[in-house]
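Since the structure is predicted, the reported quantities are computational estimates derived from the model, not experimental observations. A note on names: the letters A, B, ... follow the listed sequences, proteins ahead of strands, and every chain is numbered from 1.
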Amino acid sequence: MPEKILEIDEVTLRFGGVTALDGVSFHITVGEILGLIGPNGAGKTTCFNVMTGVYQPTSGSVRFEGEPLGRRKRHEITRLGIARTFQNIRLFPEMTAVENVMVGADARHHTSVVGALVRSRRHRQEEQEGREKAMELLRFMGIDSRAGDAARNLPYGYQRRLEIARALATGPKLLCLDEPAAGFNPNEKAELLELIRKIRDQGYTVLLIEHDMRLVMGVTDRIVVLEFGRKIAEGSPSEIRENPAVIAAYLGVPEDAA
Amino acid sequence: MSTGERLQAIDLRRVRAVSGMRRWWSRLPRGTRFAVLAVVAVLLYLLPVLNPPIITTPDSDFATVLFTVTTYCLAALGLNVVVGMAGLLDLGYVGFYAVGAYSVAMFASPSSSIATKYPWLVCVPIAIALSMIAGAILGGPTLRLRGDYLAIVTLGFGEIVRLSAVNSPGLGAAAGITSIPHPPGALNGQPIFSVLDAKPYYWLGLTLVFVVVALVRNIENSRVGRSWLAIREDEDAAELMGVPTFKFKLWAFAIGAAVGGLSGAMFAGKQGFVSPDSFPVLTSVLFLAAVVVGGAGNRLGVIVGAIAVAYLPERFRGFQNSRYMIFGLALILMSIFRPQGLIPNRRREVELADRKLDEVGVEVNA
């Protein structure tokens, strides 16, 4: 029985009269790439937000490694080991690429204000270690040539990759990617696919929200489909491809269904 | 579109000019840089002795003016941590300055209501600690607010501190507290710090400015400084990347308050007397003006700003009556022609240039 890293249990989230998530349950297994798909407004990003502590579910619970997240603060959840990227890029635009990643790495650092004031040994050690880790991640993502540039000056594709590098720097066990290929051309998408596989092979578990069906089918081990805040299907890519409910709700196009 | 392009060109030129200076400086050999800084430091210490013409203040004691400038520099450095680095607008900074000054007055003066008569040197750490606590007390409930709301609450805080002093007999009420001892030390049987000569106060103040600059620099180049920057740029993203934003905002407030308290303690030690009149709202505004005029986020910039705010009015005392009018006019002109400050922070400058381009409808970020 493979271990579950994250369990979402009967999660419902209401904003006033709107039900954004309606009794959604699924889990993520250690070491897999799980795809979360669904039409626009199905509640995919909302689901991310519940998992990362941005919203508290109205009812139901989220358990990470068997422990309920409860009312943990967002930065505490990050430290537990859930990291994410954003659908609309949210880097620190005026900080350099390497500084952006270092902010992520700082999630695992312990230098206090006093330590920084007197430049303690631990502070200097963590600074160096953080910088090295950041550079290594930039290399891994293939954007180390622009390490010293302000994030806002990076090309769009680099910004997307930088977000992933920053998320990886927080030392997560579960990496949540919110439409990482949005706005990419087919070539870039193929490269990203390769990267996501590489990330998984390094021992991370990946949750992927994506619109591009080919990308999702090509890279994921399992897929969960949401529609109008409800889970309508769950299974392997080939099962999902055949599922009539999914075809009706989402794919709809004969070539894709074939 | 052409307006936008022109604007962009101007801004680029401006950014390049400043960063050119920076590059030139950072490329100098370490030894040369150190020598230049040492010469500048010695000249600064000698200022009141040399009494250079033009720079000196004909209408008031030059050393006293210089000392006031150092207290403003300290306050501006502290406020810069809050406003420039963490991006939190604080309009009541004089409150911390007052807490520092009153702490020294209460614990040092024989005529205060508690009359513990501790020496000045013992009172300074007490003043710093109490200011920090005041910063944490103000920050605890209010740092959950953002932007304008935080500014309003802090503005109230500054006034509350002053009015509390006015209405508390224990704090000397409106009359204030007198006979605060000066800093210690004697030379040939004469006390170094007296009412007769302001030079030693200036030297002490200048030394503290150097120390604070070094400490603030250490913090800025650390996990803490990075967190402040991240909070300023995107607070939610920072929190989701594991930055305990509330904790670090509170630290920014506490550190800023501590430096403000130190400045107030210096003021009390020199003046020998404090009263609520010394801490009006206007002083908060002047501190903030120093930070904004100099260039928020840049240490050298805010020092230049503090000098502009504290020194220029003294230098031109001859224009007594129109001082504040000229000052106001200068502020307006600054905000039109150089909103990023005299010596801007590299990142802030770009942020402002962006905003301007946004206004004329140019796509900045693809």
Side-chain angles (χ1 to χ4, degrees), chain A residues 48-49 52-54 73-80 82-86 89-96 99-120 123-124 126-127 130 150-156 159 163 166-167 169-172 176 183, chain B residues 12 15 19 81 87 132 211-212 214-248 250-256 258-259 297 344-355 357 363-366:
Chain A
F48 257 42
N49 284 336
T52 50
V54 176
K73 296 213 180 72
R74 291 171 293 172
H75 67 87
E76 290 167 349
I77 292 174
T78 307
R79 272 178 225 210
L80 278 181
I82 304 180
R84 67 174 288 177
T85 64
F86 300 88
I89 298 175
R90 290 184 76 170
L91 291 161
F92 307 118
E94 304 309 336
M95 297 173 87
T96 62
E99 282 173 327
N100 265 279
V101 184
M102 283 175 83
V103 170
D106 282 337
R108 300 279 163 215
H109 289 167
H110 302 279
T111 302
S112 63
V113 169
V114 181
L117 267 179
V118 301
R119 300 185 59 76
S120 69
H123 160 72
R124 279 172 292 152
E126 285 184 348
E127 277 301 289
R152 61 186 284 278
N153 292 332
L154 296 179
Y156 177 78
Q159 294 193 8
E163 266 211 328
R166 183 178 67 175
T170 64
C176 305
Chain B
L12 268 181
V15 171
S19 57
V81 170
M132 272 185 109
V211 171
V212 169
L215 291 178
V216 168
R217 196 185 118 155
N218 281 351
I219 292 201
E220 203 181 336
N221 297 324
S222 77
R223 169 175 179 244
V224 183
R226 251 193 317 276
S227 300
W228 286 338
L229 198 49
I231 291 169
R232 200 178 83 200
E233 300 217 329
D234 190 334
E235 191 168 337
D236 293 315
E239 175 85 23
L240 282 164
M241 288 306 129
V243 176
T245 53
F246 180 73
K247 179 178 139 191
F248 280 126
L250 200 57
W251 265 114
F253 245 57
I255 291 170
V259 179
N345 171 293
R346 176 171 54 91
R347 301 179 219 266
R348 284 221 163 221
E349 187 166 49
V350 186
E351 282 167 20
L352 276 163
D354 270 4
R355 221 171 291 161
L357 290 178
E363 267 305 299
V364 179
N365 246 328

Legend entry - Leading residue by heavy atom contact count with chain A [cutoff under 4.5 Å; candidates B:F246, B:W251, B:F248]: B:W251
Legend entry - chain A interface, residue from B:S227, B:S222, B:A230 that has the most non-hydrogen pairs under 4.5 Å: B:A230
Inset, instruction - Could you check if a side-chain atom of B:P244 sits within less than 4.5 angstrom of a side-chain atom of A:R79, using non-hydrogen atoms only? - result: yes
Legend entry - Side chains of B:V224 and A:T111 in contact at under 4.5 Å (non-hydrogen atoms): no
If you measure from [atom1] on [X] to [atom2] on [Y], what distance do you get to the nearest 0.5 Å?
| X | Y | atom1 | atom2 | value |
| --- | --- | --- | --- | --- |
| B:R217 | A:R119 | CZ | CZ | 8.0 Å |
| B:R226 | A:M102 | CZ | CE | 3.5 Å |
| A:H123 | B:R223 | NE2 | CZ | 11.0 Å |
| B:L240 | A:N49 | CG | CG | 8.0 Å |
| A:I89 | B:D234 | CD1 | CG | 12.5 Å |
| B:M241 | A:H75 | CE | NE2 | 13.5 Å |

Legend entry - Structural part of A:H109 lying under 4.5 Å from a heavy atom of chain B: both
Inset, instruction - Heavy-atom distances under 4.5 Å only: say whether A:T52 touches chain B with side chain, backbone, both or neither. - result: both
Legend entry - Top contributor to chain B interface from A:E126, A:R108, A:K73, A:E127 [non-hydrogen pairs under 4.5 Å]: A:E127
Inset, instruction - Pick whichever of A:I77, A:N100, A:D106, A:T78 has the most heavy-atom pairs under 4.5 Å with chain B. - result: A:D106
Legend entry - Residue from A:E94, A:R90, A:R152 passing side-chain contact (heavy atoms from CB on, under 4.5 Å) with B:E233: A:E94
Inset, instruction - Of all the heavy-atom pairs spanning B:A237 and A:F86, show the shortest one and how long it is. - result: CA-CZ, 4.1 Å
Inset, instruction - Search all heavy atoms of A:A116 against all heavy atoms of B:N218 and return the closest pair with its distance. - result: O-CB, 3.3 Å
Under 4.5 Å from any heavy atom of chain A - which part of [X]:
| X | value |
| --- | --- |
| B:A254 | neither |
| B:N221 | backbone |
| B:V243 | both |

Legend entry - N/O donor-acceptor pair under 3.5 Å between A:R74 side chain and B:E239 backbone: no
